[in-house]
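For reference, the structure is listed below as structure tokens.
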Amino acid sequence: MATMEQKGATLQELAQRHLWLHFSRMGAYGDGHDIPVIVRGDGCHVWDEHGNKYFDGLSALFCVNIGHGRADVAQAGAKQAEELGFFTNWSYAHPRAIELAARIAGLTPGDLNRVFFTSGGGEAVETALKLARQYHKLTGNPNKTKVIAREIAYHGTTLGALSATGITALRAPFEPFTPGGCHVPNTNQYRLRPGYGPEMLADAVEERILFEGPETVAAVIMEPVQNAGGCFTPPEGYFQRIREICDRYDVLMISDEVICSWGRLGEWFGAQRYDYQPDLITTAKGITSAYAPLGALIASDKVAEPFMEGNASFMHGFTFAGHPIGCAVALANIDVMEHEGVIDNVRENEAGFRAMLDSLRDIPVVGDVRGAGYFHAIELVKDQDTKESFDDDESESLLRGFLSDELFRRGLICRADDRGDPVIQLSPPLISGPEHFEEIEGILRPTLEEAARRIRG
Ligand SMILES: Cc1ncc(COP(=O)(O)O)c(C=O)c1O
């Protein structure tokens, strides 16, 4: 219960007492270790409650693609709230959802023309998995329920999406969940398994479909560039082969683009970057540049068709999905991207961003640099020649004991992650350019050099 004691309490005190952070060790706060409280943003930078400035090298969790502080985009949301604050997409439509669905259909590859809105990415994945099941039921294949995903991939935290998520630490506390989640190797080409060539990675999907029985497999879900594990890009021809396999066994191909769409890879959609045609795309985050929450599942005409006939309906929905404010903000966000050449900026500067990261390879702790567009990771190793990685304790003291805090202290928000091997991830706002890369390097280089010295002991 709120008490009078709260009067006069600082934001920090209230946060430590009442706010529950996601994926966070709450016990780590207190005793002088503060929760970072971010209060303001402008362009590529944000400021904390003490007035310290940070470069937002993660676009606030891969979201704020057009940068912070856009009053015009905020205004689009405010204007919509005045006109029609809310109406639902359950059996009704409203102008902004209609306009946005049509606008999205105009940007997607091929016949991905039907848009089912959600409130975020996990809901979009959940929606895709359910749609795949019902699609197969409607088309005479009721036993097609399983989904094939990749090891260490993150597809969200709802129980259905979690069955596709391939990160053991995130799954273990909640098992059992929706049956049918199967995993195959990801495209980590820095650490290919012995005997595995890059061209064999797609074959693993076919082998798994055959092992499970094609009549039981509903869908394959993959990100264009896999985030968790550190920006795994596909080998040449990978997605074309996945497409062939999906067609052969009547399996739907879901491109999970919660991160990889809206310019992140230098295209509207990640599938366009790698020239493949999925049956379903899941998206969120950059769709509004996170000025309001919104996600979407985009379905091909083929997949939508059985739901558009007779008495059929997709038995699924969320009250807030396709919220008018989210849709109005998304339209304004797409306007900004189009009128200000945001995606062109990524294409023009991607090589410079990559060159800056590659220039760090002389630091002994830098093992690999990989990614695409404005979505890259640096894998950290103990030994560059042998690629020896860190054990759990070393990784803990390197990432949590030093790098995360030190990068933040020096003014860079990025992700130091060890859901696979330890990596640092960078995913700056899509409006950033060479001067920002210099700023990132100015913080990353000395911090990684210090990390290397500490490892050498
Ligand atoms: C590829 C992918 N899918 C799904 C999700 C879940 O999205 P949300 O956190 O909006 O539920 C994420 C979140 O980062 C993601 O990266």
Side-chain angles (χ1 to χ4, degrees), residues 21-24 58-65 116-132 147-167 169-171 174 177-178 181 183 186-187 219-234 239 253-265 269-271 273-274 278 280-298 318 320-323 326 329-330 371-377 413-415 417 419-420 423 425-427:
L21 300 183
H22 302 206
F23 285 113
S24 298
L58 209 60
S59 303
L61 212 52
F62 317 101
C63 287
V64 186
N65 288 9
F116 188 102
F117 288 114
T118 66
S119 313
E123 281 186 8
V125 169
E126 196 75 27
T127 301
L129 300 182
K130 288 181 71 179
L131 185 78
V147 61
I148 296 182
R150 299 186 294 191
E151 290 161 5
I152 318 179
Y154 182 87
H155 293 292
T157 50
T158 55
L159 285 174
L162 198 53
S163 70
T165 287
I167 304 168
L170 304 195
R171 294 164 57 92
F174 309 107
F177 26 73
T178 320
H183 293 86
N186 55 47
T187 58
V220 164
I221 184 165
M222 295 176 168
E223 294 160 89
V225 174
Q226 182 175 317
N227 173 36
C231 298
F232 298 138
T233 55
F239 281 117
M253 181 178 185
I254 306 169
S255 192
D256 184 357
E257 308 206 4
V258 169
I259 292 177
C260 291
S261 46
W262 309 108
R264 181 58 54 201
L265 302 186
F269 291 93
R273 166 100 189 202
Y274 295 108
L280 299 167
I281 287 180
T282 47
T283 185
K285 298 192 187 259
I287 190 172
T288 55
S289 283
Y291 281 78
L294 189 74
L297 168 77
I298 312 164
F318 304 100
F320 283 159
H323 196 292
V329 166
Y374 273 20
F375 185 40
H376 273 79
I413 296 179
C414 58
R415 182 183 246 180
D417 189 23
R419 289 177 296 182
V423 291
Q425 277 185 298
L426 286 150
S427 190

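Reckoned from all heavy atoms, side chains included, excluding hydrogens, waters and symmetry mates. Indexing begins at 1, ligand by ligand and atom by atom, following the structure's order.
- Within 6.0 Å of atom CZ in Phe177, more than 12 heavy atoms from other residues, nucleotides or ligands are found, so the atom counts as buried in its surroundings.
- Each of Glu223, Met222, Glu151 was compared with Asn186 under the side-chain contact (heavy atoms from CB on, under 4.5 Å) criterion, and only Glu151 meets it.
- In this structure, atom 10 (O) of ligand 1 lies nearest to the protein heavy atom Gly121 N, 2.8 Å.
- When each of Ile259, Asp417, Val258 is checked for a side-chain contact (heavy atoms from CB on, under 4.5 Å) with Asn227, only Ile259 meets the rule.
- Near Ile259, meaning under 4.0 Å from one of its heavy atoms, ligand 1 places the atoms 16 (O).
- Paired with Ile254 under the rule side-chain contact (heavy atoms from CB on, under 4.5 Å), one option of Val220, Leu129, Ile281 passes, and it is Leu129.
- A donor-acceptor contact shorter than 3.5 Å links the side chain of Ser59 to the backbone of Ser427.
- Atom 8 (P) of ligand 1 is flagged as protein-proximal [any protein heavy atom, distance under 4.0 Å].
- A cation-pi geometry, defined here as NZ or CZ lying under 6.0 Å from the six-membered ring centre and within 45° of its normal, does not hold between Arg264 and Phe62.
- When each atom of ligand 1 is checked for a heavy atom of Gly122 under 4.0 Å away, the hits are 6 (C), 7 (O), 8 (P), 10 (O), 11 (O).
- Per-residue contacts place Glu223 under 4.0 angstrom from the following atoms of ligand 1 (heavy atoms of the residue considered): 1 (C).
- Considering only non-hydrogen protein atoms, atom 3 (N) of ligand 1 sits nearest to Asp256 OD2, 2.7 Å.
- Remark: ligand 1 atoms within the under-4.0 Å shell around heavy atoms of Lys285 are 13 (C), 14 (O).
- Listed by atom number, the atoms of ligand 1 under 4.0 Å from Gly156 heavy atoms are 4 (C), 6 (C).
- Residue Phe62 does not touch ligand 1, judged by heavy-atom distances below 4.0 Å.
- In summary, the side chains of Thr283 and Ser261 do present a donor paired with an acceptor at a separation below 3.5 Å, with no hydrogens or angles considered.
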